[in-house]
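Chain naming here is simple, since letters A, B, ... match the order of the sequence lines and numbering starts at 1 in each.
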Number of protein chains: 2
Amino acid sequence: MARTSDPNAKVDLLRAAEAVFVERGLDHAKVEEITARAGKSKGAFYLHFESKEDAFRQIVETTLARLAACLDGGEAMQVAAVAEGPALLEALLDHDVEVFEFLWQNRALIRLLGGGGGSASFSYLVEEFAERCRGAVRRTIAWSAERGIVRPGLDVDLVSRILSGAYDQVARHVVRAQRKPDLRRLLGEVQHLFMHGIGGPAVRESDRPVRNASKTVVGRGRGGARTERRARPRKKEPARS
Amino acid sequence: MARTSDPNAKVDLLRAAEAVFVERGLDHAKVEEITARAGKSKGAFYLHFESKEDAFRQIVETTLARLAACLDGGEAMQVAAVAEGPALLEALLDHDVEVFEFLWQNRALIRLLGGGGGSASFSYLVEEFAERCRGAVRRTIAWSAERGIVRPGLDVDLVSRILSGAYDQVARHVVRAQRKPDLRRLLGEVQHLFMHGIGGPAVRESDRPVRNASKTVVGRGRGGARTERRARPRKKEPARS
DNA sequence: TGGATTATTGACTGGCCGGTCAGCATGGCG
DNA sequence: CGCCATGCTGACCGGCCAGTCAATAATCCA
């Protein structure tokens, strides 16, 4: 051996790459810009990564893995596992806050991912992850239903989709904010909203309550419970954040 | 004059371009693939468009404009303007259905837009549009509050964000579905969910009701009403669909 | 210090593709 | 039929940039 390799090289490159990807998106990121920022040469980059895409994948996968760990690990979930009633809600809120804290820390990259990863390829990564999130939500709901936290007869599949979507939107908002929002307050309001609805006096149970409530099963695919149509105003939005 | 130009050329090219953009994303779409599918030459393409990006912009802008018209026009809104109580909810639901019908018709392109448009540039287009949607939602909510459809004291800004997000998610789901879902049923359930919440017996107003409810103003930015934190389970999700 | 060994560099290559334009095709007209 | 105006074509040009590798620098050891 004659010369010892720079142990920081890969880390530096990853950091620089993340910055450039965030700024330009995968397709428009130039390897030379990455290496310039890292103070390395182009050759050094290919010493550590197969290709530009490889670097991108490494960054995304690492972050998603950490986020996933945060999602279904975390001490708040330990507490939630044994809590009851309001304390349970509080524990679940703690968990939400943990997750969003992570999102805030990694907001630049999360923002990029929210925008399709800056390349048409790779969206599958994000989609898989989103699906995983929805799975976690669904489990939490099914489990909450058993404990009387949410009313029975809900279409778990649909509810989880809606909840994921709502939190997704909140996440996108947080991740773009200039100043860090009060996450606990924000998430608390979201939780409150979903628990109690937004209905006013004019709709006080004007709706027939849940009618049949077939199964509430978790099996995604076919919808479980079926209330009927009728409910609440709103527009829509097809695009991202 | 000696030769008459093909009057379908531009339409054919736009159709082909849309297909290719949907398949590959803007950055990876090749002009030659577009022209091949349209049965035209590369030159013909540049006879009608400044550049590849120009064609993309035309397609996106046209679609978003039509969607916008669908969003805040539509006969269902006429009805809603004079309806009361449950009939109003029904009218708003009709409107939702109209919008989602449009989304379904244009699902391929909408799917692309949801994924960031296949290019890091251009996401601003989609973002602007999303913001516009949120504005529409906010107006609907504020207006519904006046009629007692939703309870007073809600943080309109936050609620609109959450609703947009939830519907966004539903839209993404619809747009990817293999078979056309029963839109009316789906949207009806969403409406019902939001109006009545998902809370079960264990949380029956365990929450103190809205406490102060500062203003409920529309001025986004500072949150209006402030209940406290406490509420409901869930995970989170940072990415798209 | 000199030479061996390994890390690092950055000029260069090759392929790709957006955009151009000289020339060909088409069809009207005298 | 020959001529012209106009539209359409697709081979070509040039820029860009991912990825390579011969040359060079750094470090170790004797």
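- With sequence neighbours left out, A:A80 forms a side-chain contact (heavy atoms from CB on, under 4.5 Å) with A:M77, A:L88, A:A91, A:L92, A:W143.
- Remark: the B:T63 side chain and the B:N106 side chain contain no N/O donor-acceptor pair separated by less than 3.5 Å.
- In summary, A:E131 and A:R138 do not engage in a salt bridge, as defined by a charged side-chain N under 4.0 Å from a carboxylate O.
- Regarding B:L47, its CG atom lies at a distance of 14 Å from the P atom of D:dT6, rounded to whole Å.
- Applying the salt bridge (Lys or Arg N to Asp or Glu O under 4.0 Å) criterion to B:K180, with sequence neighbours excluded, gives B:E101.
- In this structure, the side-chain contact (heavy atoms from CB on, under 4.5 Å) partners of A:S41, at least two apart in sequence or on a different chain, are A:A44.
- Each salt bridge (Lys or Arg N to Asp or Glu O under 4.0 Å) pair with one or both residues in residues 7-22 of chain A, not counting sequence neighbours, would appear here, but there are none.
- Overall bending of the helix from C:dT1-D:dA30 to C:dG30-D:dC1, expressed as the angle between end axes built from five pairs apiece, is 20° (10° steps).
- Salt bridge absent: A:D72 and A:R139 never bring a charged side-chain N and a carboxylate O closer than 4.0 Å.
- By the side-chain hydrogen bond (donor to acceptor under 3.5 Å, both in side chains) test, A:K42 pairs with no residue at all, sequence neighbours left out.
- Going from atom NE2 of A:H48 over to atom C1' of C:dT9 covers 13 Å, rounded to whole Å.
- Listed by first then second residue, pairs satisfying ring-ring contact (aromatic ring centres under 6.0 Å, His included) with a partner in residues 35-60 of chain B read B:F21-B:F56, B:F45-B:F49, B:F56-B:F122, not counting sequence neighbours.
- B:I59 approaches B:A17 most closely through the heavy-atom pair CD1-CB, 3.8 Å.
- Atoms CG (B:D6) and P (D:dC8) sit 6 Å apart, rounded to a whole Å.
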(message) Can you build the contact string for nucleotides 12-21 of chain D? Use B for base contact, S for sugar-phosphate-only contact, and - for no protein heavy atom under 4.0 Å.
(response) -----SBBB-
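- As rounded to whole Å, 15 Å separates atom P of D:dG7 from atom NZ of B:K10.
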Grab the N/O contacts between the protein and nucleotides 23-25 of chain C below 3.5 Å, and write none if there aren't any.
from, atom 1, to, atom 2, distance (Å)
C:dA25, N3, B:R3, NH1, 3.4

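- Within a heavy-atom distance below 4.0 Å of DNA chain C, no residue of residues 13-24 of chain B is found.
- With sequence neighbours excluded, the residues satisfying salt bridge (Lys or Arg N to Asp or Glu O under 4.0 Å) with A:E23 are A:R37.
- Using a 4.5 Å heavy-atom threshold, the side chains of A:V175 and A:R172 count as separate.
- Taking the side-chain contact (heavy atoms from CB on, under 4.5 Å) definition, one finds that B:A68 meets it with B:F129, B:R132, sequence neighbours left out.
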